[in-house]
Amino acid sequence: MSNAGEGTIGVGMVGHAFMGKVHTHAWRSVHHFFDVPLAPRLAVLGGRDLDRTKAAAAKLGWDAVETDWRALIARDDVQIVDICTPGDSHKDIAIAALAAGKHVLCEKPLANSVAEAEEMAAAAAAAAANGQRSMVAFNYRRVPALAVARQMIADGRLGKIRHVRSQYLQDWLSDPNTPMAWRLRKEQAGSGALGDIGAHIIDATQFLLGEHLTGVSALMETFVHKRPLDGDPKGKLDDVTVDDAALFIGRFASGALATYEATRFALGRKNSMRLEINGEHGSLAFDFESMNELSFYDGTGDEQSAGFRRILITEPTHPYVGAWWPPGHIIGYEHTFTHEVYDFLTDIHNGTDPVPGFADGLQVQRVLAAVESSATTGSGWVAVSS
Ligand code: SOE
């Protein structure tokens, strides 16, 4: 049994694949490392298959299971609904959960379309008036190194920003015999690399600069159009209906120019989310595969000794780091989700709106739509709607 009773808040999580596992780790760990006003209770795990959901609940430590997310939402022991499902169910689950008076954490991207995201953002705004909090799980905002980078940019250490260079490179689909998955079907995922990992670099770059993209021009490509349904290359094949890669340029409101590359075919790159920001006085560079490090070039110093220097983001004064280990004992991917639920629980307790909220998720959805429009119509520059 997870901790029950006073000073706790019940979580009902829908979905128990990769995101379900890492969110569970966050809910289980947060109150052991951070001072949270309400300790999460792993009340209910939702999944479509009863036996598989029971097995996942036993392994991950959830108290009960439901095979219908509507029943999960209706339960009195659930105050937070955590949505870890493919994008095609985000809207229905989130709007129903908000209507039922729950707080909602929803995985990214917020939805599979701008229209869905608009409905969700409107429902979240209405529910906020009722004290209900909602957040989109753009977890990379909670990488300590990126929180430091954002502060350095906000403090003017780079001066006016000229260039934003970002790539999110994975290679898990490079083999054409890798079987079909929900992330490869448009009706379930909304888009491919663009929404799955491109959404992260869109949100992360806007987070770092503190401003939005105003327009984009894009290319998208599907390299492998058919994949084995169950991994047998000689078996039945199914159609891939999403992009395998998206490349786009963009312009920020301040005039800064940006380049984006999102692909799951960069053979050898496993989860390499790379960002470089060039300003008039300096530059910052980051690669998630070395997530505890930030490279900084100070253009205001002595030219003779100038160069990118490595900042190890493991000091107790760095965001979130003080809750974990002594300097140099690095943290990982899963810690960013613990940071995320720490901030979410704090907002719930303080009655403040979480960031990124559904309105932020809607704005990212609008950038995704502009990229897709530019790439599919070949219309070149497409403004990001507001
Ligand atoms: C697959 O590309 C994936 O699991 C994404 O869906 C996650 O958002 C990312 O953090 C890791 O890769």
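Owing to the predicted nature of the structure, the values given are computational and were not obtained by experimental measurement. Numbering of residues begins at 1 and proceeds along the displayed sequence. Just follow the structure's listing: the first ligand is 1, and inside any ligand the first atom is 1.
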H225 versus V240: any side-chain heavy-atom pair under 4.5 Å?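 No, their side chains stay 4.5 Å or more apart.
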Do V384 and T214 have side chains that get closer than 4.5 Å, going by heavy atoms? no
Taking NZ, NE, NH1 and NH2 as the nitrogens, is one of them in R70 or D68 under 4.0 Å from a carboxylate oxygen of the other? yes
Taking NZ, NE, NH1 and NH2 as the nitrogens, is one of them in E118 or K91 under 4.0 Å from a carboxylate oxygen of the other? no
Enumerated ligand 1 atoms positioned under 4.0 Å from heavy atoms of [X]:
{"X": "Y140", "answer": "9 (C), 10 (O)"}
{"X": "H200", "answer": "7 (C), 8 (O), 9 (C), 10 (O)"}
{"X": "Y168", "answer": "9 (C), 10 (O), 11 (C)"}
{"X": "D196", "answer": "1 (C), 2 (O), 5 (C), 6 (O)"}
{"X": "F18", "answer": "4 (O)"}
{"X": "I197", "answer": "2 (O)"}

Any nitrogen or oxygen of K108 lying under 3.5 Å from a nitrogen or oxygen in ligand 1? Just yes or no. yes
Ignoring hydrogens, what is the shortest heavy-atom contact between G87 and E116? Give both atom names and the distance.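 Distance-wise, the nearest heavy atoms are O-OE1, 4.4 Å.
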How far is atom 12 (O) of ligand 1 from its nearest protein heavy atom, and which residue and atom is that?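 Of the protein heavy atoms, Q170 NE2, 2.9 Å lies nearest.
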Check step by step if side-chain contact (heavy atoms from CB on, under 4.5 Å) holds for F358 and Q363. CA-CA 9 Å; F358 282 16; Q363 195 277 333; over 6 Å; no
Have a look at ligand 1 and work out which part of E107, if any, has a heavy atom under 4.0 Å from it: side chain, backbone, both or neither.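 Within the 4.0 Å criterion, E107 makes no contact with ligand 1.
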Going through the distances and angles, do D347 and T352 end up as a side chain to side chain donor-acceptor pair (under 3.5 Å)? CA-CA 5 Å; D347 282 326; T352 47; 2.6 Å; yes
